[in-house]
Amino acid sequence: MENRMSERPQRNLSLELARATEAAALVAARYRDRREWDGANAAAAKAMQTVLHTIDMDGVIVIGEGEKKTAPLLFHGEMVGTSHPPAVDMAVDPIEGTPERALGRPNTLSLAALAERWSLWDPGPSVYVDEIVVGSQAREAIDLNLSPAGNLQRIAEASRCNVSDLTVFVLDKPRHKKLIGDLKEAGVRLEISSGGFIVGAILAALPGTGIDAMMSVGRASEAVLAACAVKSLDGGLQLRRAPQSAEEEQRVHASLGRNAGQILNESAVCKSEDVFMAATGITDGRLLKGVEFHRDGATTESLVLRARSGTLRYVRAVHRLDKLMKFSQIDYTSSNAQTPINEDE
């Protein structure tokens, strides 16, 4: 009997994943342009699921829309693909964030990543994590046990520059008030963004973007996708569970005990070297343009990553929706409301 667990992915599955993120982005953008938030996540998830089921893989959702009882599509443990090898873990996010906010701000992506089975971290009861991301040059310099100022000093030394030459990406969230104050006091340049946790991680890991580090408290599910991207770009990442409520803290400590404060790096969050990832812009952002509709179709921009080869591709696709609709199971031309999935941000 064929051992599916041991088969390694050999095709460039990231190019196939891009079809799924493009589909989700195209559907989400219809809701974006009509400012119809209800049902956007469900419709985008359905579009992504439809394409994922056409890919030759035996995939299981590790990071998705939530548990089966709250997420009828792309839920934790759902099987996707044709059931043929390779056997892989999948992390997906059809719309990064709650549609009502995410579709009205920059840097919103549709994302999908996969790696060998049993290789992606399951956050368990953790909802939020504290995270720092840098490029390859400073990968060994970061340490979440240090203060932001301490990490900046080590990043500057590794990058052979002054702290004042560094630029840090941070999300504009109330929970980051102290962090932003500490960063200002350290004298770095700040790029404060209304959204785009994963965009910030990619910009920090990707050379030539002008971003030297990303520091933020973000959702643990998004941190797994960020780790897949960082691993593919040879960057450095550290994260630690950061409960944002007494209830979350109680769950985390009850489940993990002494390990609740453990620091994980990109290789612990994503243990495989066979990592494939695709991200498609829904709204315009620092990394990718959002979906643009025109009279006879639409254009999308995607980033496609493969860790083993280190290849990074920017894919600009022109979609003839009139032709697609002749055979596609996905309705790209309307935004009929569907039952919402779990849309917590």
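Note that the structure is a prediction, hence the values are computed from the model and not measured. Values below: all heavy atoms of this structure, side chains included; hydrogens, waters and symmetry mates excluded.
Distance check, rounded to the nearest 0.5 Å: CG of Leu237 to CD1 of Ile132 gives 9.0 Å. Interatomic distance, Asp182 CG to Asn151 CG, rounded to the nearest 0.5 Å: 11.5 Å. With rounding to the nearest 0.5 Å, the separation of CD1 in Ile282 from CG in Leu111 is 8.0 Å. How far OG of Ser255 is from CD of Gln250: 12.0 Å, rounded to the nearest 0.5 Å. Put simply, CG on Asp93 and CZ on Arg219 are 9.0 Å apart, with the number rounded to the nearest 0.5 Å. Summarising the geometry, atom CD belonging to Glu65 is positioned 8.5 Å from atom CE belonging to Met48; distances are rounded to the nearest 0.5 Å.
With hydrogens and angles disregarded, a donor-acceptor distance shorter than 3.5 Å links the side chain of Arg117 to the backbone of Val88. Arg306 contributes no side-chain N or O that, together with a main-chain N or O of Leu15, makes up a donor-acceptor pair within less than 3.5 Å. Judged purely by atom type and a 3.5 angstrom limit, Ser159 has no side-chain atom pairing as donor or acceptor with the backbone of Cys161. Although no hydrogens or angles enter the test, the distance criterion places a donor-acceptor pair under 3.5 Å between the side chain of Thr209 and the main chain of Leu203. Remark: side-chain polar atoms of Thr54 are paired, donor with acceptor, to backbone N or O of Val51 under 3.5 angstrom. Using a distance-only test at 3.5 Å, with no hydrogens or angles considered, no donor-acceptor pair links the side chain of Glu22 to the main chain of Thr300. Side-chain atoms of Arg175 come within 3.5 Å of backbone atoms of Val217 as a donor-acceptor pair (strictly under, hydrogens ignored). For Arg251 (side chain) and Gly124 (main-chain N/O), no donor-acceptor pair under 3.5 Å exists by modelled atom type. For Asn265 (side chain) and Ala268 (main-chain N/O), a donor-acceptor pair under 3.5 Å exists by modelled atom type. The main-chain N or O of Val275 is never found under 3.5 Å from a side-chain atom of Ser272 such that the two would form a donor-acceptor pair.
In this structure, the side chains of Trp118 and Leu120 stay at 4.5 Å or more apart for every pair of heavy atoms. Here the side chains of Val129 and Arg240 are not in contact, with every heavy-atom distance at 4.5 Å or above. Annotation: side chain of Lys289 is not in contact with side chain of Thr299 (no heavy-atom distance under 4.5 Å). Within the 4.5 Å cutoff, the side chain of Leu17 has heavy atoms near those of the Leu114 side chain. Taking 4.5 Å as the limit, some side-chain heavy atom of Thr108 sits within range of a side-chain heavy atom of Ile95. Between Leu103 and Asp33 the shortest side-chain heavy-atom distance does not fall below 4.5 Å. Contact of the Ser14 side chain with the Leu305 side chain is not registered, since no non-hydrogen atoms from C-beta on lie closer than 4.5 Å. Side-chain contact check for Val170 versus Leu179: some heavy-atom pair is nearer than 4.5 Å.
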Begin with the C-alpha distance, continue with both residues' side-chain angles, and end with the deciding distance and a verdict on side-chain contact (heavy atoms from CB on, under 4.5 Å) for Val188 and Leu190.
-> CA-CA 6 Å; Val188 297; Leu190 291 178; 4.0 Å; yes
Might you work through the salt bridge (charged side-chain N to carboxylate O under 4.0 Å, His left out) test for Asp274 and Arg308, ending with a clear yes or no?
-> CA-CA 6 Å; Asp274 276 321; Arg308 178 172 288 277; 2.7 Å; yes
After noting the C-alpha distance and the side-chain angles of Asn162 and Ser164, does the key distance pass the side chain to side chain donor-acceptor pair (under 3.5 Å) rule?
-> CA-CA 5 Å; Asn162 298 319; Ser164 58; 4.7 Å; no
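Across every non-hydrogen atom of Leu171 and Ser216, the tightest pair is N-OG, 3.2 Å. Here the closest heavy-atom approach between residue Ser119 and residue Asp89 is recorded as N-OD2, 3.0 Å. What you find for Val62 and Trp121 is that their closest heavy atoms are CG1-O, 4.1 Å. Closest approach of Ala223 to Val269, counting heavy atoms only: O-CG1, 4.4 Å. When all heavy atoms of Glu78 and Gln49 are compared, the closest pair comes out as OE2-NE2, 2.6 Å. The shortest non-hydrogen separation linking Met214 to Phe197 is CE-O, 3.6 Å.
In terms of hydrophobic clustering, with Ile, Leu, Val, Met, Phe, Trp and Tyr side chains grouped at heavy-atom distances under 4.5 Å, Ile61 and Val224 are assigned to different clusters. Placement of Leu233 and Tyr314 within a single hydrophobic cluster is found when ILVMFWY residues are connected by side-chain heavy-atom separations under 4.5 Å, directly or transitively. Both Val199 and Val230 belong to a common hydrophobic cluster when Ile, Leu, Val, Met, Phe, Trp and Tyr are linked at side-chain heavy-atom distances under 4.5 angstrom. Residues Leu239 and Met277 fall within the same hydrophobic cluster, defined by Ile, Leu, Val, Met, Phe, Trp and Tyr side chains chained together at heavy-atom separations under 4.5 Å. By the rule that hydrophobic residues join a cluster once side-chain heavy atoms approach within less than 4.5 Å of another member, Ile211 and Met215 end up as members of separate clusters.
Counting heavy-atom neighbours within 6.0 Å of Arg313 CZ, excluding the residue itself, gives a total of 12 or less.
Between Glu273 and Lys231 there is a salt bridge, since at least one side-chain N of the basic residue sits less than 4.0 Å from a carboxylate O of the acidic one.
Seen from the ring of Phe169, Arg286 does not count as a face-on cation partner, given the 6.0 Å and 45° thresholds.
With 3.5 Å as the limit, one finds a donor-acceptor pair spanning the side chains of Ser193 and Asn107. With hydrogens and angles left out, the side-chain atoms of Thr280 and Ser302 include a donor and acceptor closer than 3.5 Å. No hydrogens or angles considered: a donor-acceptor pair under 3.5 Å links the side chains of Thr82 and Asp56. Checking Gln244 against Glu249 by side-chain atom types alone, no donor-acceptor pair falls below 3.5 Å.
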